[in-house]
> 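Quick one: structure below, then a few questions.
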2 protein chains.
Amino acid sequence: MSKDTPPTVPTHTTKQRRSSDQVTLSQVAKAAGVSPITASRALNHPDKVSDSARDSVLAAVEKLGYVPNLLAGSLASSRSQLIAVIVPSLINTVFVEVIQGLQETLEAEGYQILLGNTDYDLDREYQLVRTFLGWSCSALVTAGLRHNKACHTLLTNCGHPIMEVMELGEGMDLNVGLDHVAAGRCMANHLIDKGYRHIVYVGARLSQDYRASMRFEGHEAVLKGAGLDAPLVELDTLGSLQAGAEGLAQVLTQYPDTQAIHFANDDLAAGALLAAQRQGLNIPNDIAIAGFNGLPLGQHLTPQLTTILSPRKEMGRLAAKELIRRLSGKNVYRRQHDVGFKLQLGEST
Amino acid sequence: MSKDTPPTVPTHTTKQRRSSDQVTLSQVAKAAGVSPITASRALNHPDKVSDSARDSVLAAVEKLGYVPNLLAGSLASSRSQLIAVIVPSLINTVFVEVIQGLQETLEAEGYQILLGNTDYDLDREYQLVRTFLGWSCSALVTAGLRHNKACHTLLTNCGHPIMEVMELGEGMDLNVGLDHVAAGRCMANHLIDKGYRHIVYVGARLSQDYRASMRFEGHEAVLKGAGLDAPLVELDTLGSLQAGAEGLAQVLTQYPDTQAIHFANDDLAAGALLAAQRQGLNIPNDIAIAGFNGLPLGQHLTPQLTTILSPRKEMGRLAAKELIRRLSGKNVYRRQHDVGFKLQLGEST
DNA sequence: ATGAAAGCGCTAACAT
DNA sequence: ATGTTAGCGCTTTCAT
């Protein structure tokens, strides 16, 4: 309640600044009858201090309600327990799940996440990287391997571990992801195996979601290889379920003899499936539908959605583990980690 | 390029530390031919510096690739551009959407979000608050009004603005949310108006999701007021769609003459709806289903889900705005902000 | 095992 | 408008 203003009346001796009435380590030390540095050690390296010293420091900490100033500590040691995580969007559950995996692992090790959202803007990413480096974050996690020139330079030269997640590839440092081109191939192969010949790929904002266009590449290669056309429908609709519904409509008018639609993700596919049902279409007889991600929703639809399961949370966990490994000075055997994917057969194809 | 390489070999005079070869403001100042403080002002208070000084500082910044050390700046000024955001979970989209709203508004003002996840554990929340205070975050946002004793004390005494979001009520400082009891009443009234008499409320982990139990309170009050029973089914299943399906099953066996189910949220309701369809049940004739949140999914189902729309992103935005208002020293007219809710009629009731 | 002194990079306070 | 000085709270280095 009472957020009254602090005493703005300094004693008129020297330059006093201590506006914040925060308890400092020195005060703890004094209360414990030791020097500040001993108090510091008691908290950070308990084994390098006598039992009695440690006990009295801990007691003083408790009594005074001391909260360490992490800013000061990090500045002095030029190390921080901050890890920057930069994602293009939070609307897409996929990134949230990766963050979950990261967070659960990193928080357990005492790291805090500095979260940044680029909104699919690479210049914004660069700005965020600058800011986060200014916070002396001890590592950075970025979604994806694509950055603008300045950002790339900054990251490669910053001296901190960099973890690029989502897609597998030659990154600047560490990388955890999966092969999206292969995933696209996988689904295309499945659809061909099922006997479909008129197959359309539907994605939304592919220039932003370039991983979806990597999947299209794989899809296209397989179809072309089988002597088939590989038409692409690109949508610009916000809201994925809605976009899926529109994708379906567009395909039905633009390519009326389509037998199967390969959607760039499960949200689109689910939107199409639900819209199709509302229109009385039979899936997969009238039209087959496939997605990507393996979201729970797909398994609760009737028919169940055929999709590709990507281990998103696991990706976050693994990325965090490898980062921690690196930060604790251990050997990093592999810079690249393929988390793989799995074709999940449903009834929609 | 006139400068020599960073001195990795300390001159043997005094205690040298500069391990990080980071460009400092002093170096920028020297390159610009001004004093460090002028360089500082040129960057932080451009209007308090001559044009020529500002230009040369900016040029030097560019040339040297200077990245401000935010740690040092914050320590010196005892202000940071960090805002702590503490949520109980990221699995629940609701919190993610609030974070989105916060982030979009806060990042635009130059604030960074420190994200914490309590996993519905109030002791963990306390720890996170301590840590974040250690980072001198300039404000804290927490999801909910319930905290443990220590956390409450710490927050009220920390001297920073506190924003409690999600539910409306008497908080410690600022509050943006909606009245969940009223929301529960609203839906119960709707169901009664529709003529349903046997109505079951289904929730998952209500001790954690206490806002869902607040909605039940409202629901219960209305039903009791109408002389009806208000049975409650509580689930312990992870994964909301799945839980919804199980909730439906449990209701059907436990309360076979149920006419309507009021689910604690849309995920549960959608799971039940999809499961009901798979079982060949007609909704709402065999059984009516209602949810809470107004997730897009509900509007894409057939029948469309009757639910209550909560302005989650808007909640985040408003919370951020009020916080910024407070942080910039402006008057805060109201501490509490009711973002309201809206009954969204579907075909499922 | 403990301490004294110096310094991390920056900005507030007090000059001019 | 610019500079000087001191200090934010902590940890490093070096000494005992």
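Letters A, B, ... are given to chains in the order of the sequence lines, protein chains preceding strands, and every chain is numbered from 1. Bear in mind the structure is a predicted one, so any value in this text is a computation, not a measurement. For the numbers below, each heavy atom of this structure counts, side chains included, while hydrogens, waters and symmetry mates do not.
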> Roughly, in whole Å, what's the span from CG in L133(B) to P in dG9(D)?
15 Å
> Taking atom types as modelled, is there a side-chain donor on E164(A) or N175(A) under 3.5 Å from an acceptor on the other?
no
> Quick one: L70(B) CG to dC8(C) P, roughly how many Å, whole number?
18 Å
> By side-chain contact (heavy atoms from CB on, under 4.5 Å), which residues pair with R146(B), not counting sequence neighbours?
Y210(B), M214(B)
> According to salt bridge (Lys or Arg N to Asp or Glu O under 4.0 Å), who are the partners of R335(A), at least two apart in sequence or on a separate chain?
D173(A)
> Of the residues in residues 31-45 of chain A, which ones touch DNA chain D at a heavy-atom distance under 4.0 Å?
I37(A), S40(A), N44(A)
> If I take atom CD in residue Q22(A) and atom P in nucleotide dG7(D), what distance separates them, rounded to the nearest angstrom?
18 Å
> Taking salt bridge (Lys or Arg N to Asp or Glu O under 4.0 Å) as the definition, give me every residue that meets it alongside D51(A), ordered by chain and number, with sequence neighbours left out.
R54(A)
> With DNA chain D as reference, determine whether A72(B) or V49(B) sits nearer its 5' end, using the nearest nucleotide of each.
V49(B)
> Apply side chain to side chain contact (heavy atoms under 4.5 Å, CB included) to the pair Y111(B) and L327(B), showing each step before the final yes or no.
CA-CA 11 Å; Y111(B) 290 97; L327(B) 287 169; 3.6 Å; yes
> Rounded to the Å, how far apart are K30(A) NZ and dG9(D) P?
14 Å
> Are side-chain heavy atoms of L155(B) and V129(B) found at a separation under 4.5 Å?
yes
> Under a 4.5 Å cut-off applied to non-hydrogen side-chain atoms, are L70(A) and P68(A) in contact?
yes
> Examine dC10(D): is either OP1 or OP2 under 4.0 Å from a nitrogen or oxygen in the side chain of S77(A)? Give yes or no.
no
> Without decimals, in angstroms, what is the distance between L75(A) CG and dG7(D) P?
17 Å
> If I take atom CG in residue N69(A) and atom C1' in nucleotide dG9(C), what distance separates them, rounded to the nearest angstrom?
14 Å
> Atom CG of D47(B) and atom P of dT2(D): how far apart are they, to the nearest Å?
12 Å
> Q112(A): what forms a side-chain hydrogen bond (donor to acceptor under 3.5 Å, both in side chains) with it, not counting sequence neighbours?
none
> At how many degrees, to 10°, do the end axes of the helix from dA1(C)-dT16(D) to dT16(C)-dA1(D) meet when each uses five pairs?
20°
> Base, sugar-phosphate, or nothing: which does R79(B) touch, judged by heavy atoms less than 4.0 Å apart?
sugar-phosphate
> On a heavy-atom basis, which atom in H147(A) and which in H152(A) lie closest, and how many Å separate them?
CB-N, 4.3 Å
> Would you kindly give the CG-to-P distance between D51(A) and dT2(C), to the nearest whole Å?
9 Å
